[in-house]
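Lettering follows sequence order; numbering is per chain, from 1.
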Protein chains: 2
Amino acid sequence: MTNQIDRFFSALSDPTRRAVVEQLIDGPAAVSALHDGHAMALPTFMKHLKVMEDSGLVTSTKKGRVRTYQMRQDALRAGADWLNAHRTMWEARMDRLSRLADHMERTRS
Amino acid sequence: MTNQIDRFFSALSDPTRRAVVEQLIDGPAAVSALHDGHAMALPTFMKHLKVMEDSGLVTSTKKGRVRTYQMRQDALRAGADWLNAHRTMWEARMDRLSRLADHMERTRS
DNA sequence: CTATAAGTTAGCTATTTAGCTAAGTGTCTT
DNA sequence: AAGACACTTAGCTAAATAGCTAACTTATAG
């Protein structure tokens with residue numbers, strides 16, 4: 001039942017996974033390079049990578065014994081769009097409210 | 001250990017909770033008004049509201065027997081900022097790469 | 001050809017999450 | 001004062017998540 005945007009936000013709700021995004025923005029990297037510096041067992045870390053891949057954030061390809069992860073094109077688009085759209089609606093509403101307050105201020109008996 | 005941004009993304013990873021955000025953008029609403037149309041028991045629904053309040057997305061106040069929820073000022077800001085910043089970095093990198101590819105194209109023997 | 005390196009798979013535990021029902025607490029309304 | 005209304009609390013279950021170790025597979029290096 002959980003759809004893509006659920007998985008997207010869920011993937012970003014963990015600091016380990018956000019760190020991976022930040023690292024991958026600088027370019028593709030192998031599992032062990034990504035794992036470096038994370039104080040957790042490799043299989044645990046690999047579960048995070050799987051979550052990220054399932055969420056559409058990243059893709060991976062294997063060559064020889066090394067698997068390389070990379071950001072996916074437009075990975076951050078859908079979530080950013082959702083947030084920007086809703087933030088815009090919210091700010092528009094705040095605007096209307098403050099204009100209304102202004103008006104009531106100016107026209108008070 | 002889970003920090004505010006974890007909770008923020010986690011709160012938005014559920015469709016029920018995103019629907020509540022959308023409803024609250026139109027203005028504050030009482031628990032039962034928010035609950036309307038969601039096919040789940042009220043206590044279950046209230047847990048979602050608690051998650052949202054803990055995440056900093058919304059606040060609530062109680063007057064008489066009615067509790068009213070409202071969007072919090074700048075609720076969507078932190079998450080939108082994170083995403084926009086990272087998307088920008090990513091797109092800048094893509095730009096550099098495509099300029100590089102161009103250059104190699106033009107200077108090939 | 002053996003050893004090491006890079007992942008992977010399997011299987012376990014603890015915690016969190018999402019759902020439920022039943023019963024309780026105040027606050028209106030009549 | 002009684003009943004209805006709007007939550008709230010308590011306590012349960014099932015499934016998902018995050019972590020671990022141990023053992024396995026497949027490349028590459030020597």
Side-chain angles (χ1 to χ4, degrees), chain A residues 1-24 27-71 79, chain B residues 1-24 27-71 79:
Chain A
M1 256 313 115
T2 71
N3 61 40
Q4 210 61 17
I5 189 134
D6 288 16
R7 275 198 266 264
F8 172 87
F9 283 124
S10 185
L12 292 181
S13 73
D14 181 285
T16 298
R17 295 190 293 249
R18 288 195 306 278
V20 170
V21 167
E22 294 179 354
Q23 189 167 350
L24 288 182
V31 170
S32 40
L34 291 167
H35 178 225
D36 244 45
H38 293 277
M40 71 181 60
L42 181 60
T44 304
F45 185 75
M46 284 182 35
K47 275 199 202 166
H48 285 295
L49 295 178
K50 180 167 188 344
V51 167
M52 296 181 76
E53 192 155 16
D54 290 348
S55 79
L57 232 36
V58 304
T59 54
S60 72
T61 52
K62 193 165 183 175
K63 188 173 224 171
R65 57 184 170 175
V66 96
R67 180 177 294 278
T68 300
Y69 278 86
Q70 54 218 274
M71 280 308 274
Chain B
M1 256 314 113
T2 71
N3 62 41
Q4 210 59 18
I5 190 135
D6 288 15
R7 275 197 265 267
F8 172 87
F9 282 124
S10 185
L12 292 182
S13 73
D14 182 286
T16 298
R17 295 191 293 250
R18 287 196 307 278
V20 169
V21 167
E22 292 179 356
Q23 190 167 349
L24 288 182
V31 170
S32 40
L34 291 167
H35 179 224
D36 245 45
H38 292 278
M40 70 182 62
L42 182 58
T44 303
F45 185 75
M46 286 184 33
K47 275 200 203 166
H48 285 295
L49 295 179
K50 180 168 188 342
V51 167
M52 296 180 77
E53 192 155 17
D54 290 348
S55 79
L57 232 37
V58 305
T59 54
S60 73
T61 53
K62 193 165 184 174
K63 188 174 225 171
R65 58 186 168 171
V66 166
R67 181 176 293 278
T68 300
Y69 277 87
Q70 54 218 276
M71 280 308 275

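At the phosphate of C:dC20, OP1 or OP2 sits under 4.0 Å from a side-chain N or O atom of B:Thr44. Contact annotation: B:Lys62 reaches the phosphate of D:dT8 (side-chain N/O to OP1 or OP2, under 4.0 Å). Remark: B:Lys63 is not in phosphate contact with D:dA6, judged by side-chain N or O atoms under 4.0 Å from OP1 or OP2. Taking only side-chain nitrogens and oxygens, B:Arg65 never comes nearer than 4.0 Å to OP1 or OP2 of C:dG24. Of the side-chain N and O atoms in B:Ser32, one or more sit less than 4.0 angstrom from OP1 or OP2 of D:dC7. Phosphate proximity of C:dG7 to A:His35: absent, as no side-chain N or O sits under 4.0 Å from OP1 or OP2. At D:dG19, one or more side-chain N or O atoms of A:His48 fall inside 4.0 Å of OP1 or OP2 (strictly under the cut-off).
Rounding to whole angstrom units, OH of residue A:Tyr69 and C1' of C:dA6 are separated by 13 Å. A:Asp54 places its CG atom 10 Å from the P atom of D:dT17, with the value rounded to the nearest Å. Taking atom CG on B:Leu49 and atom C1' on D:dT8, their separation rounds to 12 Å, with Å as the unit. Straight-line distance from the CZ atom of A:Arg18 to the P atom of D:dA18: 12 Å, rounded to whole Å. Look at CZ on A:Arg7: it is 19 Å from P on C:dT17, rounded to the nearest Å. When the P atom of C:dT17 is taken as reference, atom CE of B:Met52 falls 15 Å away, rounded to whole Å. Rounded to an integer number of Å, the gap from A:Leu42 CG to D:dC24 P is 18 Å. Between A:Asp36 atom CG and C:dA5 atom P there is a gap of 14 Å when expressed in whole angstrom units.
In terms of modelled atom types and a separation under 3.5 Å, the side chain of B:Ser10 and the main chain of B:Arg7 share no donor-acceptor contact.
The aromatic rings of B:His35 and B:Phe45 lie tilted to each other, with the angle between the two planes from 30° to 60°.
A:Lys47 comes within 4.0 angstrom of a nucleotide base, judged by non-hydrogen atoms across all strands.
Two residues, B:Thr68 and A:Phe45, neighbour DNA chain D, and the one matched to the more 5' nucleotide by heavy-atom proximity is B:Thr68.
Across every non-hydrogen atom of A:Val58 and A:Leu49, the tightest pair is CG2-O, 4.5 Å. Between A:Tyr69 and A:Leu24, the shortest heavy-atom contact is O-CD2, 3.5 Å.
In this structure, of C:dG19, C:dT9, D:dC7, it is C:dT9 that holds the atom nearest to the side chain of A:Pro43. Residue A:Met46 has its side chain nearest to C:dG7 when only C:dG7, C:dT27, C:dC20 are considered. Here D:dT8 is the nucleotide among C:dG19, D:dA22, D:dT8 with the atom lying nearest to any side-chain atom of B:Arg67. Of the candidates C:dT8, C:dC20, C:dG19, the closest approach to any side-chain atom of B:Ala41 belongs to C:dC20.
In this structure, NE2 in B:His48 is found 7.0 Å from OG1 in B:Thr44, a value given to the nearest 0.5 Å. In this structure, CG in B:Leu12 is found 7.0 Å from CE in B:Met52, a value given to the nearest 0.5 Å.
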